[in-house]
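Since the structure comes first, as structure tokens, the remarks are kept for the end.
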Amino acid sequence: MRLLLGRVLLPALHQGTRRCSGGPPKEIRVRFAPSPTGFLHLGGLRTALYNYLFAKKHGGAFILRLEDTDRSRLVPGAAAAIEDMLEWAGIPPDESPRRGGPYGPYEQSQRLNLYHEATQALLESGAAYRCFCTLQRLELIKKEALRSRQTPRYDNRCRHLTSNQVKEKMAKNMPFVVRFQLPSGAHSFQDLVYGWTHHDVASVEGDPVILKGDGFPTYHLANVVDDYKMAVSHVLRGEEWLISTTKHLLLYQALGWHPPEYAHLPLLLNKDGSKLSKRQGDIFIQHFVQKGYLPDTLLDIITNCGSGFSGNQTGRTLPELIQQYNLQSISTHSALLDLEKLPEFSRVHLTRWIEGADTRAQLVAQLQTLLQEKFKDLIFDREYIERILVLRKGHLNILTDLLSPDYSYLWVRPAVHQEDLHGLSSEASDIGRLVVQILQNVRHDTSLDVLSKELKNHLQQLKTTKYSTSMKVLRLALSGRETGPSVAEMMLSLGVEESMIRVQKSLLS
């Protein structure tokens, strides 16, 4: 099998991504294969999500594979953090370094023997060769090309070494890399998004390195070997890899392996068309987690700005994304991400979470944890927090809004000066007495509308103070602020007892 198609490479790859029509359909298996040289950002999350949706739409498997062969650029903690963020987003892999699986290991650094076997097969068939060119020579080739205003490319010098010359250099222990011999001529394949694509790779670049001097593979070899050995059926990845796919298909052909189908996804860009950059600190998923955004919010906004779904309405949940997902409807246009709309998306999803009993319970638990971190010595019961969430539904963008100074009165009794209250109205004490009478008669199940009407009916009896001014006085007495939610909502949030304490202390003492 090693020699099959090894020496003779076909001039075109028209069957490069089509499964054989005979026999039963193969299981859908897709993979997300990031490099742990950094943490997961919005672009990576979108690629992972599109793979996850495709797998779940067709009852297949979603694989996380870490491409960690560039040892010099690995970031400590990034590998674990990537899987953490996928789990947080609600799109956990079925197979991964953490979860294991039948095709492991799922880290390339632990699969070196597979790359060495493939490399040996390519060397024996003549589809690859050892290159002994020094870094100094390669640098001279590059400088000469740039001086001539040409694209730097390797000149394939070592391709023409005889077997005796190779043996002689090997006997001297000369360092080498292994290069794949690119055949000349245009090669075609059909991408599931971009359609038929044609590339004459050998006319624009030299033979690529597939195995480095340190024994680690380059991306070109590793992704081919891993996708084949892991039985990946479809490769959904960013369009930046479209130009390299011909090389990958030629490697499949040289190894005598049947390739997966390819679908290259258009890029996720900033709304001005510029590329998302890791220098933008706000594009990393951990940033949004720390800010208090919900997973559904991020999944919604990164799919809303692109194609692949029926319609682009706001507020879609993960089950709805799976149902509406259609790979064939993905266009080749880049998706423009407008993060200024994030608060709008977040408000929609937070409102839905508050409305659901199970999801509301999760929010209560999260807020309890946040409050405990901020107010070490204070304890807030679940019923109190839940009441606040229900009353503030539709007004909050993110859960952590409730930790802002605007809502500090909910957690800490404010210091209010009586002169400030009497400065607003000479009838401040009368306002206090009327409100205490109202609160003494409030039932535990009194609604916001009923309490609002009670306040209005009683406070309109005042001789010189307008109703709107009375509300300012009460709002200041309850919260220490002149702006904020309605007075009735503040009272229902704080509870009758706490509201009476604050009114009596600030207006009647």
Side-chain angles (χ1 to χ4, degrees), residues 14-19 21 25-33 41-63 86 89-91 93-94 188-198 227 232-245 248-249 259-271 273 275-276 295-339 341-342 344-345 348-349:
H14 296 299
Q15 300 300 319
T17 61
R18 289 301 175 193
R19 295 285 177 190
S21 58
K26 292 192 175 183
E27 177 192 5
I28 297 295
R29 290 177 57 80
V30 296
R31 48 65 163 186
F32 174 53
H41 56 74
L42 290 172
L45 178 64
R46 177 172 172 265
T47 300
L49 176 61
Y50 273 55
N51 276 278
Y52 178 90
L53 296 175
F54 187 75
K56 300 311 167 186
K57 179 87 172 182
H58 300 285
F62 171 54
I63 306 161
L86 293 179
I91 55 173
D94 300 300
S188 306
F189 69 95
Q190 189 171 16
D191 187 82
L192 296 177
V193 174
Y194 284 81
W196 282 103
T197 304
H198 310 270
D227 286 344
V232 170
S233 64
H234 294 75
V235 173
L236 280 64
R237 60 188 180 185
E239 69 170 11
E240 66 270 23
W241 293 110
L242 184 63
I243 193 72
S244 298
T245 304
H248 302 161
L249 290 171
E261 297 195 56
Y262 285 88
H264 288 85
L265 307 173
L267 295 177
L268 182 66
L269 305 175
N270 291 309
K271 69 174 184 177
K275 288 187 177 182
L276 294 177
D296 288 350
T297 300
L298 289 193
L299 300 186
D300 192 13
I301 196 169
I302 62 176
T303 52
N304 183 272
C305 64
S307 54
F309 304 88
S310 53
N312 63 342
Q313 70 271 24
T314 303
R316 284 181 297 207
T317 62
L318 184 56
E320 290 170 334
L321 289 173
I322 294 172
Q323 182 183 16
Q324 296 181 20
Y325 183 67
N326 182 4
L327 182 62
Q328 294 180 335
S329 68
I330 296 178
S331 72
T332 58
H333 300 294
S334 296
L336 302 181
L337 178 65
D338 186 358
L339 285 178
K341 294 181 178 179
L342 189 60
E344 174 189 342
F345 279 80
V348 169
H349 285 282

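Predicted model, so just to flag it, every value in this text is computed and none were measured. Side chains are part of it too, since the values below use all heavy atoms of this structure and drop only hydrogens, waters and symmetry mates. FYI, the numbering just counts along the sequence from 1.
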Inset, instruction - Determine, step by step, whether His234 and Leu192 satisfy the side-chain contact (heavy atoms from CB on, under 4.5 Å) criterion, reporting the C-alpha distance in whole Å, the side-chain angles of both residues, the deciding distance to 0.1 Å, and the verdict. - result: CA-CA 10 Å; His234 294 75; Leu192 296 177; 3.9 Å; yes
Legend entry - Main-chain N/O of Leu236 paired with Asn51 side-chain donor or acceptor, under 3.5 Å: yes
Legend entry - Test of ring centre spacing under 6.0 Å for Phe62 and Phe32: no
Inset, instruction - Please step through side-chain contact (heavy atoms from CB on, under 4.5 Å) for the pair Tyr52 and Ile322, ending with a clear verdict. - result: CA-CA 9 Å; Tyr52 178 90; Ile322 294 172; 4.3 Å; yes
Legend entry - Neighbour count >12 (heavy atoms, 6.0 Å) for atom CD, Gln323: no
Legend entry - Minimal non-hydrogen separation, Asp94 against Gly60, with atom names: OD2-O, 4.1 Å
Inset, instruction - Before accepting this row, confirm whether a basic side-chain N of the pair Asp300/Lys341 lies closer than 4.0 Å to the acidic partner's carboxylate O. - result: no
Inset, instruction - Check whether any side-chain heavy atom of Arg46 sits under 4.5 Å from a side-chain heavy atom of Thr303, and report yes or no. - result: no
Legend entry - Check: Gly315 main-chain N/O paired with Thr317 side-chain donor or acceptor under 3.5 Å: no
Legend entry - NZ on Lys56 to CG on Leu49, rounded to 0.5 Å: 12.5 Å
Legend entry - Spatial distance of atom CZ (Arg316) from atom CG (Asp296) [nearest 0.5 Å]: 12.0 Å
Inset, instruction - Begin from the C-alpha positions of Leu298 and Leu342 and carry the test side-chain contact (heavy atoms from CB on, under 4.5 Å) through to its verdict. - result: CA-CA 8 Å; Leu298 289 193; Leu342 189 60; 4.2 Å; yes
Inset, instruction - Ignoring hydrogens and angles, tell me if any N or O in the side chain of Asn270 forms a donor-acceptor pair with the backbone of Lys275 under 3.5 Å. - result: yes
Legend entry - Closest non-hydrogen atom pair, Leu336 against Lys271: CD1-O, 3.9 Å
Inset, instruction - Look only at the side chain of Asp191 and the backbone of His264, and say whether a donor-acceptor pair between them is shorter than 3.5 Å. - result: yes
Legend entry - Polar side chain donor-acceptor pair, His198 to Ser188, under 3.5 angstrom: yes
Legend entry - Check: Phe54 ring centre within less than 6.0 Å of His58 ring centre: yes
Inset, instruction - Indicate yes or no for a side-chain donor-acceptor contact from Ser334 to the backbone of Leu269 under 3.5 Å, with no hydrogens or angles considered. - result: no
Inset, instruction - Specify the closest pair of heavy atoms between Cys305 and Leu268, including all atoms of both residues, with the distance to one decimal. - result: SG-CD1, 3.6 Å
Legend entry - Minimal non-hydrogen separation, Glu239 against Pro266, with atom names: OE1-CA, 3.9 Å
Inset, instruction - Kindly give the heavy-atom pair with the smallest separation between Ser307 and Ser331, and that separation in Å. - result: OG-N, 2.8 Å
Inset, instruction - Anything under 30° is parallel, anything over 60° is perpendicular, the rest tilted; go ahead and classify Tyr262 against Phe189. - result: perpendicular
Inset, instruction - May I ask you to check whether Thr245 and Arg237 show a side-chain donor-acceptor distance below 3.5 Å? - result: yes
Legend entry - Least distance between heavy atoms, Ile28 atom then Ala55 atom: CG2-CA, 4.4 Å
Legend entry - side-chain contact (heavy atoms from CB on, under 4.5 Å) between Tyr325 and Ile330, worked out: CA-CA 9 Å; Tyr325 183 67; Ile330 296 178; 4.0 Å; yes
Legend entry - Option among Leu318, Leu327, Val30 that satisfies the side chain to side chain contact (heavy atoms under 4.5 Å, CB included) test with Leu53: Leu318
